[in-house]
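Let me begin by presenting the structure, written as structure tokens, before commenting on it.
Indexing begins at 1, ligand by ligand and atom by atom, following the structure's order.
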Amino acid sequence: MVIDLKLTDKRPPCPDCGNESVKIKGYVAKKINHSILNDKGCVLVYHARRYICPICHTTYYEINPFVFKRMKISSSVILCVMKDLTKPSETFVSIAERYHISPTTV
Ligand SMILES: [Zn+2]
């Protein structure tokens with residue numbers, strides 16, 4: 001399953017100078033593993049919005065609720081993996097197969 005998404009444009013102020021009238025610089029498509037819904041793999045194609053401040057020229061990403069910086073798996077998947085790791089019956093391999101990630105990632 002592939003989910004293609006963009007977040008609502010909330011125009012967060014510039015983190016450097018606080019300027020509130022920033023512009024959209026563009027979008028960066030990020031593929032995020034979000035296999036928590038069922039046994040099938042799920043990929044979010046998240047079009048991350050980048051802003052640019054016309055005053056200090058700082059560029060920055062919008063804040064998003066589902067992935068940490070530089071991660072390829074969603075924060076929900078990380079949480080599920082952590083929960084499953086507490087069960088004595090689970091192995092790294094069984095958890096990896098469930099969420100379509102490698103045992104090393106687990
Ligand atoms: Zn600025």
Exercise. State the CG-CG distance between Asn33 and Leu44, to the nearest 0.5 angstrom.
Key: 8.5 Å
Self-check item: Total protein N/O/S atoms whose distance from the Zn ion (ligand 1) is less than 2.8 Å
Solution: 4
Quiz item: At what distance, to the nearest 0.5 angstrom, does OH of Tyr46 lie from CG of Asp4?
Solution: 12.5 Å
Quiz item: Are the side chains of Glu62 and Arg49 in touch, meaning some heavy atoms are under 4.5 Å apart?
Solution: yes
Can I get a per-line list of side-chain donor-acceptor pairs under 3.5 Å for residues 65-79, giving both atom names and the distance, sequence neighbours left out?
residue: Ser74; atom: OG; partner: His34; partner atom: ND1; Å: 2.7
residue: Ser74; atom: OG; partner: Val77; partner atom: N; Å: 3.3
residue: Ser75; atom: OG; partner: Phe66; partner atom: O; Å: 3.2

Practice problem: To the nearest 0.5 angstrom, please state how far the SG atom of Cys14 sits from the OH atom of Tyr60. | Solution: 5.5 Å
Quiz prompt | Closest heavy-atom pair and its distance - Asn19, Cys53 | solution = ND2-SG, 3.5 Å
